[in-house]
There are 2 protein chains.
Amino acid sequence: MKVTRAQVVEGAFEALRAHGLAGLSMRRLAQDLDVAPGALYYHVASKQELLAAVAERILADWPSGAADPRSAAAGLRRALLQVRDGAEVVSFVQAFRPESVAPTRELRTLFAEHLGEREADWAARTVVHFVLGFVAEEQNHDELVRAGILPDDPARQAESEEAFAFGVDAILTGLDVRAT
Amino acid sequence: MKVTRAQVVEGAFEALRAHGLAGLSMRRLAQDLDVAPGALYYHVASKQELLAAVAERILADWPSGAADPRSAAAGLRRALLQVRDGAEVVSFVQAFRPESVAPTRELRTLFAEHLGEREADWAARTVVHFVLGFVAEEQNHDELVRAGILPDDPARQAESEEAFAFGVDAILTGLDVRAT
DNA sequence: ACCTGAACACCGTTCAAGT
DNA sequence: ACCTGAACACCGTTCAAGT
């Protein structure tokens, strides 16, 4: 069999959606793509590099071009929630190559309208840290429910929306005060 | 050889400090403690449970009893920076068992002076998400420098202090506005 | 250019059997 | 009560050799 780099990344993305991060191994991915494990290393340098590409793939479904930070944050959360362990994968990449996370760049541009260059960068990272941490907690809770360790709680969904809005509002309010 | 649970946790804590999360395996830990790998499972249920105990150990060096959220956040950051990959380990636990992270509980109590119960909980988690994400980025950068992938940048240290203060200030300002 | 086969050096976890 | 030995079912990565 023969694969392209794009197919390797797409395969990893779909494996993540189906099995989560714990179920995404190079060997299993190779089997899904009908190649030997070693073949993957012709297309990607390492699993780490592959995960970075998968993170970009996750964020590709992100509605770029948000008008304001509030909707940018909401859009980021929505994109992360589409994929199992999405926040954990993107967190990993944000920590290792922060420049490659598109929402951080877009938020920086939005904040640059009201803040200096350094402050805009800090503000963007503050928002992204909150969103990634918040969604990681949500999704890890989901994994525990899926594994039958925690009971399913239908009320939690609504509370999450509220808690997320509360946090984003607080951060943006604080940044606004600082900007004016 | 014979070990106690406390020795297993302390050994894992020291292994983390010395080798980082990537270098902390159950087999290696067993070797350090002079027992067979299987012996560890008499004292801990799983690696995940052990990491939760290590996270508590990291936070034990945290100056509990902070007077205000600002110094609580600074203290949390300081404790995390003492241990290689400290933020990643605590993030992991915060996502899986949020109630067991002491700083979240303390922050919640501090915020409860000015906010309702639900809001105080959300506020505490907002601050903790920011601190964990911020320090994870700092420490992963350190790991890349250590591995020789990124150049050492002495100016970054000072910038980090500023960026952290900026983020915490923004969040707390926003929460204050909301509280009054 | 791209892949296979096979190996290297590891993992976490379980469990009968020992003391 | 606590540990060992040995196994099970995996990992990520490399690399000569093949087409």
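All values below were derived from every heavy atom in this structure, side-chain atoms included, with hydrogens, water molecules and symmetry-related copies excluded. We name chains A, B, ... by the order of the sequence lines, and we start the count at 1 in each one.
The distance between atom CG of B:Leu50 and atom P of C:dT13, rounded to the nearest whole Å, is 10 Å. A:Lys2 has its NZ atom 7 Å from the P atom of C:dC3, to the nearest Å. Rounded to an integer number of Å, the gap from A:Gln31 CD to D:dA9 C1' is 13 Å. In this structure, the CG atom of A:Leu29 is 9 Å from the P atom of D:dG12, given to the nearest Å. Here the C1' atom of nucleotide C:dA16 and the OH atom of B:Tyr41 are 18 Å apart, to the nearest Å. Distance, B:Leu21 CG to C:dG12 P: 11 Å, rounded to whole Å. Atom CE in A:Met26 sits about 9 Å away from atom C1' in D:dT13, given to the nearest Å. Note: CG (B:Leu24) to P (C:dC10) measures 16 Å, nearest angstrom.
Closest non-hydrogen pair, A:Leu29 versus A:Ala12, comes out as CD1-N, 3.6 Å. Nearest heavy atoms, A:Val93 versus A:Ala55: CG2-CB, 3.6 Å. Closest approach of B:Val54 and B:Val9 over heavy atoms only: CG2-O, 4.1 Å. Here the closest non-hydrogen pair linking A:Leu110 and A:Ala66 is CD2-O, 3.8 Å.
Electrostatic pairing of B:Arg156 and B:Glu159 does not count as a salt bridge here, judged by no charged N lying under 4.0 Å from a carboxylate O. With salt bridges taken as basic N to acidic carboxylate O contacts below 4.0 Å, none links B:Asp61 and B:Arg78. Note on A:Arg125 versus B:Glu138: no salt bridge recorded, every NZ/NE/NH1/NH2 to OD/OE distance being 4.0 Å or above.
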Can you name the atoms? Protein N/O to nucleotides 4-8 of chain C N/O, anything below 3.5 Å, with the distance.
| residue | atom | partner | partner atom | Å |
| --- | --- | --- | --- | --- |
| C:dT4 | OP2 | A:Ala36 | N | 2.6 |
| C:dA7 | N6 | A:Arg27 | NH2 | 3.3 |

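Here the nucleotide nearest the side chain of B:Val3, chosen from D:dC11, D:dC3, C:dG12, is D:dC3.
Taking atom C1' in both D:dA7 and C:dC11, the straight-line distance is 14 Å, to the nearest Å.
Contact annotation: B:Tyr42 side-chain N/O to D:dC3 OP1/OP2 distance is not under 4.0 Å. Phosphate contact (OP1/OP2 of C:dG12, side-chain N/O of B:Lys47, threshold under 4.0 Å): present. Phosphate contact (OP1/OP2 of D:dA1, side-chain N/O of B:His43, threshold under 4.0 Å): absent.
Using Watson-Crick or G-U wobble geometry with both donor-acceptor distances under 3.5 Å, C:dG12 finds its partner in D:dC8. For D:dA1, the paired base is C:dT19 (Watson-Crick or G-U wobble, both distances below 3.5 Å).
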